[in-house]
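Read the numbers this way: they start at 1 and go in the same order the structure lists the ligands and their atoms. Residue indices begin at 1 and follow the sequence shown. Below, each value reflects all heavy atoms present in this structure, side chains not excepted, and no hydrogens, waters or symmetry copies.
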Amino acid sequence: MKRSIIPALLLAVASGLFSAPPAPFSPEECTGRRARLMAAAGEGLIILFGETDAPPGARFRQDNDFFYLTGCDDRGAVLVMLAARGEAHLFLPEQGPREIMVDGANLLRQQEAASRWQLTRVAGLSALDEFLARQMRMARPVVHARLSMGDTLDSDRGEAQLYAARRRRSHFNDHPGPDRARAAKLRSLFPQAELRDIAPLIDRLRLIKSPAEIESLRRNGRLSAEAMRQAMLRTRPGEREWALEGAAVGWVLGHGARGLAFQPIVASGPNACTWHYDRNDRLMAAGELVLMDFGADLDHLCMDISRTWPVSGTFSPEQREIYRAVLEVQKATIAACRPGRNAAEIRRIAAADLAARQVDARGLRCDIHHFVGLATHDGAPLDAPLLEGMVLAVEPGIYYPEQGIGVRIEDTILITADGCEVLSAAVPKEIGEIEELFKNRN
Ligand SMILES: [Mn+2]
């Protein structure tokens with residue numbers, strides 16, 4: 001009896017129980033991206049490795065670059081593209097019956113997987129080495145691999161490198177990490193090949209969002225904004241910060257988010273001066289402000305919103321003054337964001353606008369800060385001119401640790417043909433709107 005279960009299970013998984021990727025990562029979208037990447041690379045092969053393990057205690061999340069180009073959520077997969085021939089080969093681990101019982105089957109078990117996913121071939125991982133070796137039989141083989149580090153759910157490549165440098169303060173913690181280890185492996189297996197970094201070419205693609213990505217980001221903007229509004233409604237003196245986290249997290253998970261874009265920050269009183277405070281266990285008191293930084297991961301795309309509001313629902317005169325200065329800077333910065341302008345120009349234009357209106361913006365930190373996409377901190381540094389289809393976070397903040405006051409107001413915006421669209425606009429940020437929300441709750 002026992003033996004017959006496994007073939008029946010294999011039959012079931014082979015007959016189409018596979019879930020489709022979200023619209024921004026459909027086979028059509030990914031095929032277009034692969035074609036553009038291969039055209040940009042021009043020659044040689046491109047090799048990208050999928051994530052192998054789920055983070056401790058969390059759901060598996062595919063490597064961002066790999067997911068961007070495949071839409072495939074399977075563990076331990078490898079994508080090899082042959083740039084000149086326009087071919088894309090996906091290699092997947094050959095799973096045993098027990099693995100399938102526990103984790104579910106990967107694409108290797110799906111009928112007609114290659115044509116469904118618009119790939120040249122779907123093959124077992126044991127064929128990868130020989131396939132690579134065959135591609136090396138030329139005069140000067142070129143291998144594009146990820147020589148820069150991979151980004152994560154919340155950190156970009158530069159930050160990943162920074163954290164690695166911090167780890168190396170103790171040489172006992174200096175482990176190479178998957179990207180460095182794979183690059184070293186490729187170098188030792190194929191010493192004749194010229195290795196080139198594929199990351200900058202992928203970043204250039206990821207910076208400009210497709211209509212399908214924009215649609216998901218818009219939905220995420222509305223969803224995460226409503227979650228933040230739910231957290232505002234939950235705020236009361238004598239509550240712990242975690243009550244607000246619970247309200248927001250419950251909302252997004254209950255409405256289709258895969259998870260969170262980063263650990264939520266709910267920082268009341270002096271905690272607001274620690275930018276990435278995430279203990280969220282302090283008792284909130286009347287008269288204090290609470291700063292919340294939150295976003296969902298919906299369809300593998302992130303959102304990043306911050307708001308600051310009074311625990312009691314009414315700003316004190318001093319809080320009102322500080323809050324208004326941050327809000328004016330935030331709105332002036334958003335108004336200055338449009339195609340063709342770079343970060344320095346946007347800062348200059350916003351500063352001139354504020355000076356003309358006699359707003360004192362001294363002490364403000366981090367106005368336009370980072371791109372947003374598959375990672376919360378997405379892609380390249382913000383020095384290039386903005387282009388239509390880019391998505392970024394505008395997050396000025398003012399922090400007075402001595403007085404225990406921190407205010408940050410952050411929206412995620414989409415650069416449009418002639419300006420920008422605020423994706424997270426649905427969460428109140430005007431002083432009147434916030435106080436009204438508290439007055440009208442039951
Ligand atoms: Mn941010």
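- Nearest N, O or S atom of Glu410 to the Mn ion (ligand 1): atom OE2.
- Checking His377 against Asp304 by side-chain atom types alone, no donor-acceptor pair falls below 3.5 Å.
- For His370, the N/O/S atom at the shortest distance from the Mn ion (ligand 1) is named NE2.
- The Mn ion (ligand 1) has no N, O or S atom of Asp293 closer than 2.8 Å.
- With no hydrogens or angles considered, no side-chain donor-acceptor pair links Ser148 and Arg157 at under 3.5 Å.
- Annotation: cation-pi geometry not satisfied between Arg146 and Phe49 (NZ/CZ under 6.0 angstrom from ring centroid, within 45° of ring axis).
- With no hydrogens or angles considered, no side-chain donor-acceptor pair links His276 and Gln263 at under 3.5 Å.
- Side chains of Glu435 and Thr314: no donor on one and acceptor on the other come within 3.5 Å.
- Between the Mn ion (ligand 1) and His377 there is no N/O/S contact shorter than 2.8 Å.
- Angle OE2 (Glu395) to the Mn ion (ligand 1) to OD2 (Asp304): 160°, rounded to 10°.
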